[in-house]
Colleague: 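Following this message is one structure expressed as structure tokens.
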Amino acid sequence: MQINSIIPAPFYNRDVVQVARELIGKRLVRRSDAGLISGIISETEAYNGSQDLACHARAGRTARTATMYGPAGHAYIYFTYGMHWLLNVVTGEEGYPAAVLIRAILPQEGLDLISKNRTGVGREHWTDGPAKLTRALLIGKELNGINLTNSDSNLWIEAGVPIPQDNIYVSSRIGLGKTPEPWLSMPWRFRISDLAFMDKP
DNA sequence: AGCACGATTAACT
DNA sequence: GTTAATCGTGCTC
């Protein structure tokens with residue numbers, strides 16, 4: 001893939017909800033020791049500032065959430081449920097804590113590597129969850145804070161395939177537990193509703 | 001210093 | 001539909 005197709009920093013230095021919507025269809029690329037692994041982003045969620053009670057930054061700036069306060073276009077990767085790593089992209093002005101959770105991708109390159117990283121799991125479930133895709137792409141704490149707009153990084157996001165607005169399904173975020181309203185119902189989850197276009201050669 | 005819980009997953013009944 | 005796995009983080013004592 002061409003270096004010049006990497007999404008530049010200004011794309012991320014905007015409203016987190018808008019970025020979450022526009023990340024649908026972009027290509028997430030991981031360069032591992034074994035080779036390239038990539039997939040089209042098919043599901044995202046926006047987490048918007050310390051006032052958003054579903055956002056980790058609700059507790060203010062801590063060692064864990066520090067990257068969310070950093071520059072847009074960097075990766076915020078955190079550990080949860082004692083075993084899972086989740087990948088987010090920092091958005092907005094430096095100092096404002098907001099990020100987009102990458103919830104699912106559609107595998108494109110490095111299928112043999114993904115298969116290896118997801119042994120015992122059916123192809124349809126290789127990367128259809130936020131912790132599944134980080135396992136498939138070998139993403140962990142060592143990539144926390146990495147610049148996703150830098151061609152020297154081992155993780156970046158490229159221009160992918162255009163997704164029409166009417167093929168993006170909007171709903172409320174999931175897995176938020178006891179998060180109170182209105183945050184629980186904010187329409188900040190985006191996903192491709194019709195995957196038929198992927199089946200074309 | 002101790003504790004409850006989580007932006008989940010996979011394996012159950 | 002239900003639940004165990006598993007541990008860093010942030011809050012309470």
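In what follows, chains carry the letters A, B, and so on, assigned in the order in which the sequence lines appear, proteins first and then strands, with residues in each chain numbered from 1.
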Colleague: Nearest heavy atom decides the nucleotide; on that basis, is Arg118(A) or Leu176(A) closer to the 5' end of DNA chain B?
Modeller: Leu176(A)

Colleague: In whole angstroms, how far is the P atom of dT8(B) from the CG atom of Leu133(A)?
Modeller: 12 Å

Colleague: Of the listed nucleotides (dT8(B), dG10(C), dA5(C)), which one gets closest to any side-chain atom of Met83(A)?
Modeller: dA5(C)

Colleague: Strictly below 4.0 Å: does His84(A) bring a side-chain N or O up to OP1 or OP2 of dT6(C)?
Modeller: no

Colleague: Starting at atom CD1 of Ile77(A), determine the distance to atom C1' of dA7(B), rounded to an integer number of angstrom.
Modeller: 14 Å

Colleague: The side chain of Arg64(A) lies closest to which of these nucleotides: dT9(C), dC11(C), dA10(B)?
Modeller: dT9(C)

Colleague: Which listed nucleotide (dA7(B), dG10(C), dA5(C)) is nearest to the side chain of Cys55(A)?
Modeller: dA7(B)

Colleague: Quick check on dT9(B): is either OP1 or OP2 less than 4.0 Å from any side-chain nitrogen or oxygen of Arg135(A)?
Modeller: no

Colleague: Taking the six-membered ring for Trp, are His56(A) and Tyr78(A) parallel (under 30°), tilted (30 to 60°) or perpendicular (over 60°)?
Modeller: perpendicular

Colleague: Starting at CG of Asn48(A) and ending at P of dA7(B), how long is that distance when rounded to a whole Å?
Modeller: 16 Å

Colleague: Using the C1' atom as the reference point in each nucleotide, state the distance between dA7(B) and dG1(C) in Å, no decimals.
Modeller: 22 Å

Colleague: Please state whether the phosphate of dA10(B), meaning OP1 or OP2, lies under 4.0 angstrom from any side-chain nitrogen or oxygen of Lys132(A).
Modeller: yes

Colleague: Report the distance from atom CZ of Arg189(A) to atom OG of Ser172(A), rounding to the nearest 0.5 Å.
Modeller: 7.5 Å

Colleague: For Arg27(A), is there an ion pair with Glu158(A) - N to carboxylate O distance below 4.0 angstrom?
Modeller: yes

Colleague: Could you tell me whether the side chain of Phe190(A) reaches within less than 4.5 Å of the side chain of Val17(A), counting heavy atoms only?
Modeller: yes

Colleague: What is the distance, rounded to the nearest whole Å, between atom CG of Leu23(A) and atom C1' of dA7(B)?
Modeller: 16 Å

Colleague: Write down the atom of Ser193(A), the atom of Asp166(A), and the distance for their closest heavy-atom approach.
Modeller: OG-O, 4.3 Å

Colleague: Over how many whole Å does the gap from His56(A) atom NE2 to dG8(C) atom C1' extend?
Modeller: 11 Å

Colleague: Within this structure, what is the CH2-to-P distance between Trp85(A) and dA5(C), rounded to whole angstrom?
Modeller: 21 Å

Colleague: Any donor-acceptor pair, under 3.5 Å, between the side chain of Tyr81(A) and the base of dA5(C), if you only look at N and O atoms?
Modeller: no

Colleague: Once you apply a heavy-atom cut-off of 4.0 Å, does Phe79(A) come out as touching a base, just sugar-phosphate, or nothing?
Modeller: sugar-phosphate

Colleague: With the side chain counted from C-beta on, respond yes when Pro97(A) and Thr65(A) share a heavy-atom pair under 4.5 Å apart, and no when they do not.
Modeller: no

Colleague: What's Ala131(A) touching, base or sugar-phosphate or nothing? Going by heavy atoms closer than 4.0 Å.
Modeller: sugar-phosphate

Colleague: What is the distance, to the nearest angstrom, from the CG atom on Leu101(A) to the C1' atom on dG6(B)?
Modeller: 13 Å

Colleague: According to a strict under-4.0 Å criterion, is Thr62(A) in side-chain N/O contact with OP1 or OP2 of dG10(C)?
Modeller: yes

Colleague: For Ala159(A), is there any backbone N or O sitting under 3.5 Å from a side-chain donor or acceptor partner on Ser5(A)?
Modeller: no

Colleague: Quick check for you: among dA7(B), dT6(C), dC5(B), whose closest atom lies nearest to any side-chain atom of Lys178(A)?
Modeller: dC5(B)

Colleague: Of the nucleotides dT6(C), dA10(B), dT9(B), which has the atom closest to the Val121(A) side chain?
Modeller: dA10(B)

Colleague: Nearest whole Å is fine: how far is dT8(B) C1' from Arg189(A) CZ?
Modeller: 13 Å

Colleague: I'd like to know if His125(A) reaches the base of dA10(B) with its side chain such that a donor and an acceptor end up less than 3.5 angstrom apart.
Modeller: no

Colleague: Which nucleotide, in any strand shown, forms a Watson-Crick or G-U wobble pair with dG6(B), with both distances under 3.5 Å?
Modeller: dC7(C)

Colleague: With the side chain of Leu86(A) defined as its heavy atoms from C-beta on, choose the nearest nucleotide among dT8(B), dA5(C), dC11(C).
Modeller: dT8(B)

Colleague: Would you indicate what Gly177(A) reaches in the nucleic acid, counting non-hydrogen atoms under 4.0 angstrom: base, sugar-phosphate, or nothing?
Modeller: nothing

Colleague: Counting just side-chain N and O atoms, does Arg173(A) come under 4.0 Å of either OP1 or OP2 of dT8(B)?
Modeller: no

